[in-house]
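Please read the structure below before turning to the comments.
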Amino acid sequence: MTCIFCKIANKEIPSSFLYESEKVLAFNDLTPQAPVHVLVIPKAHCENAGELAQADPLALAELFTAAMQIAADRGLDGYRTAFNTGASAGQSVFHAHLHLLGGRPFAWPPG
Ligand code: DGP
């Protein structure tokens with residue numbers, strides 16, 4: 001098992017979780033790009049968001065409800081969610097993960 005997020009999900013790497021349910025986990029990003037930068041992942045391995053939508057649509061939906069709850073817990077009045085899919089779009093970890101970013105202004109369109 002070489003997937004780093006599977007290792008986190010399997011508790012092989014000690015991490016502190018901001019949210020945990022049967023299907024989903026959330027933890028702080030190692031290289032935060034905003035004052036709040038949380039990754040919300042399915043526990044089961046899936047390469048990207050589209051594959052997760054096919055494999056387990058309820059888990060995909062829960063990534064968003066978990067993000068909403070964490071954003072409320074952190075007092076964010078707005079936040080950005082993003083999935084990078086494929087290396088050309090900036091995906092570097094090939095286990096689906098929702099980025100939850102907040103605590104600073106965000107430009108649109110994103111870079
Ligand atoms: P992406 O580039 O969209 O695949 O995002 C991967 C994110 O995962 C990136 O922001 C850095 C983060 N990351 C990579 N390895 C680890 C890790 O071991 N622990 C944590 N907490 N975050 C990680």
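First listed ligand is number 1; within each ligand, the first listed atom is number 1. Position 1 is the first residue of the sequence, and the numbers go up from there.
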Atom 19 (N) of ligand 1 [closest protein heavy-atom partner, distance rounded to 0.1 Å]: Ile8 CD1, 3.8 Å
Side chain, backbone, both or neither: the part of Gln33 lying under 4.0 Å from ligand 1 by heavy atom: neither
Close N or O approach (Leu39, ligand 1; < 3.5 Å): no
Nearest non-hydrogen protein atom, atom 2 (O) of ligand 1: Gly90 O, 2.7 Å
Option nearest atom 3 (O) of ligand 1 (shortest heavy-atom distance, choices Asn84, Ile41, Ile4, Asn48): Asn84
Heavy-atom nearest neighbour in the protein, as seen from atom 1 (P) of ligand 1, with distance rounded to 0.1 Å: His97 NE2, 3.1 Å
Minimum side-chain heavy-atom gap Ile41-Phe27 below 4.5 Å: yes
Check: Val40 and His97 side chains under 4.5 Å, non-hydrogen atoms: no
Cationic N near anionic O, under 4.0 Å, Glu20 to Lys43: yes
Closest protein heavy atom to atom 4 (O) of ligand 1, given as residue, atom name and distance to 0.1 Å: Ser92 N, 2.7 Å
Nearest-option assignment for atom 11 (C) of ligand 1, heavy atoms, candidates Asn28, Asp29, Leu30: Asp29
Min heavy-atom dist Phe94 to ligand 1 below 4.0 Å: no
Protein heavy-atom partner closest to atom 14 (C) of ligand 1 - residue, atom, separation in Å: Val93 CG2, 3.9 Å
